[in-house]
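The structure appears below as structure tokens.
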Amino acid sequence: SQLSETAVVHLLNRYGSLIGEITDLIAGDRTLAQRLTPELPYLRAEIHYAASHEGARSVEDVIARRTRLAFEAEESGDSLAREVANIISPILGWSSKERNDSIKRYLAISKHERNSAQELLTIA
């Protein structure tokens, strides 16, 4: 099956002329064509690409820096942390402990940042 027009437009907007690198990943593994979450346009291939081509080395790196999931997903993408880790773990050669540690680190950072933002709102 082909990518939807929505998916192609999303990928073109994010990757421009590098879109072929994403579609090559999808051609090699059709599961990468699936959305990470139904609410957002991000494909599993983009998470893979962050680790395989962009140098992402942690769940936080993918969610907060390589994508805009930290801003666009509910609860700063906390519910996506495990799935992100499952996608990037084989690319990075992680053990299950390393995978779980990266998830825990992201959740702790995310919680801290939300608490800090809440304190700022309270002060204001």
Side-chain angles (χ1 to χ4, degrees):
S1 67
Q2 295 183 321
L3 290 173
S4 70
E5 184 178 337
T6 306
V8 171
V9 169
H10 166 76
L11 292 174
L12 279 170
N13 285 334
R14 282 195 32 100
Y15 301 96
S17 63
L18 297 177
I19 189 174
E21 294 181 356
I22 301 284
T23 56
D24 287 349
L25 289 175
I26 293 168
D29 180 354
R30 292 299 306 161
T31 65
L32 294 176
Q34 298 166 359
R35 282 187 177 198
L36 187 65
T37 179
E39 302 82 49
L40 296 170
Y42 293 94
L43 304 183
R44 294 169 51 87
E46 294 177 79
I47 307 309
H48 184 293
Y49 186 81
S52 64
H53 290 68
E54 295 180 329
R57 290 292 168 258
S58 68
V59 170
E60 181 202 5
D61 201 357
V62 172
I63 294 178
R65 288 188 281 285
R66 310 299 169 160
T67 66
R68 295 192 47 79
L69 288 167
F71 306 103
E72 295 176 8
E74 284 186 29
E75 292 291 302
S76 307
D78 286 4
S79 64
L80 305 175
R82 181 162 301 283
E83 187 61 22
V84 166
N86 289 342
I87 295 168
I88 68 174
S89 187
I91 300 159
L92 300 177
W94 283 351
S95 65
S96 57
K97 181 184 184 324
E98 288 170 309
R99 183 183 68 229
N100 290 333
D101 286 349
S102 192
I103 294 166
K104 286 181 198 160
R105 263 194 313 277
Y106 178 71
L107 295 177
I109 291 165
S110 170
K111 182 179 179 184
H112 175 75
E113 289 180 356
R114 275 199 309 280
N115 288 344
S116 297
Q118 197 58 46
E119 287 172 24
L120 287 173
L121 291 173
T122 311
I123 294 166

Contacts of [X] that satisfy side-chain hydrogen bond (donor to acceptor under 3.5 Å, both in side chains) - sequence neighbours left out:
X	answer
Glu74	none
Glu98	Ser95
Thr31	Asp29
Asp24	none

Sequence-distant partners of [X], salt bridge (Lys or Arg N to Asp or Glu O under 4.0 Å), two or more places apart:
X	answer
Arg14	Glu46
Arg105	none
Asp61	Arg65, Arg66
Glu21	none

Mind running side chain to side chain contact (heavy atoms under 4.5 Å, CB included) on Asn86 and Glu83 for me, showing each step along the way?
-> CA-CA 5 Å; Asn86 289 342; Glu83 187 61 22; 4.1 Å; yes
Of all pairs that satisfy ring pair (Phe, Tyr, Trp, His ring centres under 6.0 Å), the ones with a partner from residues 52-81, not counting sequence neighbours =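 Ring pair (Phe, Tyr, Trp, His ring centres under 6.0 Å) check on residues 52-81 returns Tyr49-His53.
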Give the C-alpha distance, both sets of side-chain angles, the deciding distance and a yes or no for side chain to side chain contact (heavy atoms under 4.5 Å, CB included) between Leu18 and Ile22.
-> CA-CA 7 Å; Leu18 297 177; Ile22 301 284; over 6 Å; no
Residues in side chain to side chain contact (heavy atoms under 4.5 Å, CB included) contact with Thr6, at least two apart in sequence or another chain |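 For Thr6 the side chain to side chain contact (heavy atoms under 4.5 Å, CB included) partners, ignoring immediate neighbours, are Ser4, Arg35.
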Side chain to side chain contact (heavy atoms under 4.5 Å, CB included) involving Ile109 - partner list, sequence neighbours excluded |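 Expected list: Glu60, Glu113.
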Look at atom CZ of Arg99 and say whether more than 12 heavy atoms of other residues, nucleotides or ligands are closer to it than 6.0 Å.
->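 Yes, enclosed.
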Hey, quick one: are Val9 and Leu12 part of the same hydrophobic cluster, counting side-chain heavy atoms closer than 4.5 Å, chains of contacts allowed?
->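 No, Val9 does not connect to Leu12 through the hydrophobic network.
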Nearest atoms (heavy-atom pairs only) where [X] meets [Y]:
X	Y	value
Ala45	Ile26	CB-CG1, 3.6 Å
Ala33	Leu43	O-CD2, 3.4 Å
Ser76	Arg114	OG-NH1, 3.4 Å

Straight-line distance of Leu3 CG to His10 NE2, nearest 0.5 Å =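 Going from the CG atom of Leu3 to the NE2 atom of His10 covers 10.5 Å.
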When Ile, Leu, Val, Met, Phe, Trp and Tyr are grouped by side-chain heavy atoms lying under 4.5 Å apart, directly or through other members, which residues fall in the same group as Val62?
->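 Answer for Val62: Leu36, Leu40, Tyr42, Ile47, Val59, Ile63, Leu69, Leu80, Val84, Ile87, Ile88, Leu92, Trp94, Ile103, Tyr106, Leu107.
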